[in-house]
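Below is one structure, written out as structure tokens; the observations come after it.
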Amino acid sequence: MVPERLDLVISGGRVIDPATQTDDHLDIGVIGERIAVIAQGPLTAPAAATIDAGGCLVVPGLVDIHTHLLAGGSFWGIRPGPVAWRTGVTSWVDAGSAGIYNLLQFLERAAGYQPLTVYGFLNISGIGLVGQTGELALPEHCDAALCAEAVTANPDRIVGIKCRLDHRSTAGGSLRGLHAALEAAGAAEVPLMVHIGQGPPALADVLAALRPGDIVTHCTTGQNMALVDDSGRVLDCVREANARGVLFDVGHGSGGFSFAVAEALVQEGLTPDVISSDLHQLSVLGPGFDLPTAMSKLLAVGMPLPDVIAAVSSRAATAIGRQDRCGTLAPGRRADIAVLRMRVGQLDLFDSYLRERRTADLLTCEAAIVAGSPLPAEPPDAPAPWVKTSPTQRALVRDRGATPPAREPWALQLQEKGDFVPMPLAGPPLFARGSEALD
Ligand SMILES: [Zn+2]
């Protein structure tokens with residue numbers, strides 16, 4: 001049934017909605033906060049506003065399952081508003097910035113980020129990610145029973161448990177935190193997201209403990225817990241975990257994405273289930289930048305476009321058990337919509353280790369719509385006083401074309417603010433293969 005009047009029409013775009021198996025040139029009509037109709041255009045009902053999406057992709061508002069949003073309360077946290085409007089990310093998931101000691105602060109922050117949808121994984125360590133690392137160094141910070149209670153008490157906000165497993169976070173590679181996290185996730189019946197990077201622990205020991213539906217983030221890491229061996233072959237323990245239903249998420253961040261590993265995974269038929277940005281105080285300055293840039297990097301290593309869209313919509317929403325809340329354009333659902341443009345040209349993108357890849361396609365966002373209304377532009381926040389960008393990072397991003405052209409003014413402004421930081425700048429080893437895991 002065609003409605004008599006529409007508040008917003010998005011016309012002429014290629015609509016890709018993996019949840020409803022839609023991939024066609026269609027018009028979308030919105031009434032109030034909800035999607036009213038998706039049909040071959042032109043829609044005949046008069047509309048109060050129209051977005052001409054000719055030449056664009058129209059996809060569900062992006063779901064980013066690994067970000068850090070406890071701004072002003074943790075080392076990594078940023079505010080999502082200055083990023084959401086220019087990237088189309090309408091549903092944000094904080095990955096363990098808060099543990100039980102600072103959960104209340106996260107809940108207050110998350111409520112303040114409306115109209116964006118914000119969820120969180122609760123860190124198994126009570127101190128969360130207040131500091132850069134080391135949260136699992138002290139066993140008394142992990143109380144599985146209290147964590148499970150906190151998850152159960154906050155079903156609208158908390159979607160799972162987070163545990164970082166690298167030698168710095170665990171102070172040497174202990175699996176004590178993993179076992180506590182599994183106990184909490186089991187009791188609360190939610191997924192566990194584990195971060196991998198520079199071990200110990202060993203990847204095989206971590207994967208062996210995970211259950212179907214648990215999520216391995218930084219699955220494209222180039223550090224020594226990589227999913228592939230030196231010749232690019234997927235490890236047996238990875239295939240076994242994949243067959244068991246363990247999910248693999250990109251989590252680009254400042255240490256989680258290697259072009260070589262991502263390409264090997266795609267070639268070996270183990271494409272990531274979910275693509276996330278791991279956006280935080282460091283990665284937002286580049287070369288991570290944001291989710292559409294991470295998506296472009298997966299396209300560059302051969303992941304097909306519909307698969308890339310599924311990895312930031314239907315599959316991302318399902319991974320956090322919120323497929324009834326986000327990640328689709330089905331009529332009746334909240335009108336969270338991203339209008340993306342594929343910019344075709346020669347562009348150099350860089351992975352977390354500042355290795356370069358020339359790509360032909362860059363996804364950028366033309367409009368981010370939340371509950372039927374386009375998000376207004378917001379200027380970027382200044383980096384936190386403790387943020388140090390390296391001279392190499394700044395030079396590559398500024399001088400060698402790694403900054404997506406559409407966003408260059410914002411990135412430059414951020415970097416110039418970064419220059420004010422009254423601390424010695426970190427050097428290139430931050431990004432070197434085998435360097436200590438950041439996040
Ligand atoms: Zn992270």
Side-chain angles (χ1 to χ4, degrees), residues 65-66 68-70 73-77 93-107 110 118-197 199-218 225 241 244-247 249 251 319-322 437 439:
I65 74 164
H66 185 161
H68 292 279
L69 306 178
L70 188 45
S74 63
F75 179 92
W76 303 97
V93 186
D94 180 280
S97 298
I100 49 175
Y101 303 156
N102 53 355
L103 174 59
L104 183 57
Q105 191 186 20
F106 171 71
L107 295 175
V118 175
Y119 299 114
F121 285 89
L122 182 70
N123 203 305
I124 187 60
S125 168
I127 62 173
L129 302 178
V130 168
Q132 187 175 8
T133 187
E135 70 275 10
L136 294 174
L138 298 177
E140 56 267 40
H141 286 158
C142 296
D143 186 324
L146 264 184
C147 277
E149 273 179 42
V151 173
T152 307
N154 294 284
D156 293 341
R157 207 61 93 175
I158 302 300
V159 298
I161 299 285
K162 174 79 186 289
C163 181
R164 295 202 306 177
L165 296 166
D166 62 73
H167 81 280
R168 290 178 82 204
S169 302
T170 59
S174 166
L175 293 177
R176 195 173 51 208
L178 172 61
H179 295 137
L182 282 164
E183 186 185 333
E189 298 180 359
V190 291
L192 168 64
M193 174 187 276
V194 297
H195 138 135
I196 58 172
L203 179 69
D205 292 340
V206 172
L207 293 183
L210 300 183
R211 312 159 303 164
D214 288 338
I215 303 161
V216 176
T217 193
H218 308 315
M225 295 174 82
R244 200 166 70 242
V246 172
L247 302 176
D249 166 52
I320 58 166
R322 294 300 183 277
D439 190 30

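These figures come from a predicted structure and were not determined experimentally. Note: hydrogens, waters and symmetry copies are ignored here, and every other heavy atom, side chains too, is used.
In this structure, the separation between CG on Leu182 and CG on Leu210 is 6.5 Å, given to the nearest 0.5 Å. Atom CG of Leu107 sits about 10.0 Å away from atom CG of Asn102, to the nearest 0.5 Å.
Between Leu207 and Val194 the shortest side-chain heavy-atom distance does not fall below 4.5 Å. Two residues are said to be in side-chain contact when any heavy atoms from C-beta on lie closer than 4.5 Å; Leu136 and Cys163 meet this criterion. Using a 4.5 Å heavy-atom threshold, the side chains of Leu103 and Asn154 count as touching. Proximity of Val93 to Met193: side-chain heavy atoms (C-beta onward) are nowhere separated by under 4.5 Å. Residues His68 and Phe75 fail the side-chain proximity criterion, which asks for heavy atoms closer than 4.5 Å.
Of the possible polar contacts, none joining the Ser74 side chain to the Ser97 backbone as a donor-acceptor pair under 3.5 Å is found. No side-chain donor-acceptor contact under 3.5 Å links Asn123 to the backbone of Gly99. Thr217 places no side-chain N or O within 3.5 Å of a backbone atom of His195 that could act as its donor or acceptor partner.
Between Leu247 and Ala319 the shortest heavy-atom distance is CD1-CB, 3.8 Å. What you find for Leu69 and Asp94 is that their closest heavy atoms are N-OD2, 2.7 Å. Between Pro201 and Leu175, the shortest heavy-atom contact is CB-CD2, 3.6 Å. Here the closest non-hydrogen pair linking Arg211 and Val246 is O-CG2, 3.7 Å. Considering all non-hydrogen atoms of both residues, Pro200 and Thr170 come closest at O-OG1, 4.3 Å. The shortest non-hydrogen separation linking Ile161 to Cys147 is CD1-CB, 4.2 Å.
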side-chain contact (heavy atoms from CB on, under 4.5 Å) evaluation trace for Glu149 with Ile100 = CA-CA 10 Å; Glu149 273 179 42; Ile100 49 175; over 6 Å; no
message = Run Phe121 and Ile215 through side-chain contact (heavy atoms from CB on, under 4.5 Å) and show every step you take.
response = CA-CA 11 Å; Phe121 285 89; Ile215 303 161; 4.0 Å; yes
ask   = Hey, mind stepping through Leu192 and Ile124 against side-chain contact (heavy atoms from CB on, under 4.5 Å) and telling me if it holds?
value = CA-CA 10 Å; Leu192 168 64; Ile124 187 60; over 6 Å; no
request  = Begin with the C-alpha distance, continue with both residues' side-chain angles, and end with the deciding distance and a verdict on side-chain contact (heavy atoms from CB on, under 4.5 Å) for Arg164 and His218.
outcome  = CA-CA 10 Å; Arg164 295 202 306 177; His218 308 315; over 6 Å; no
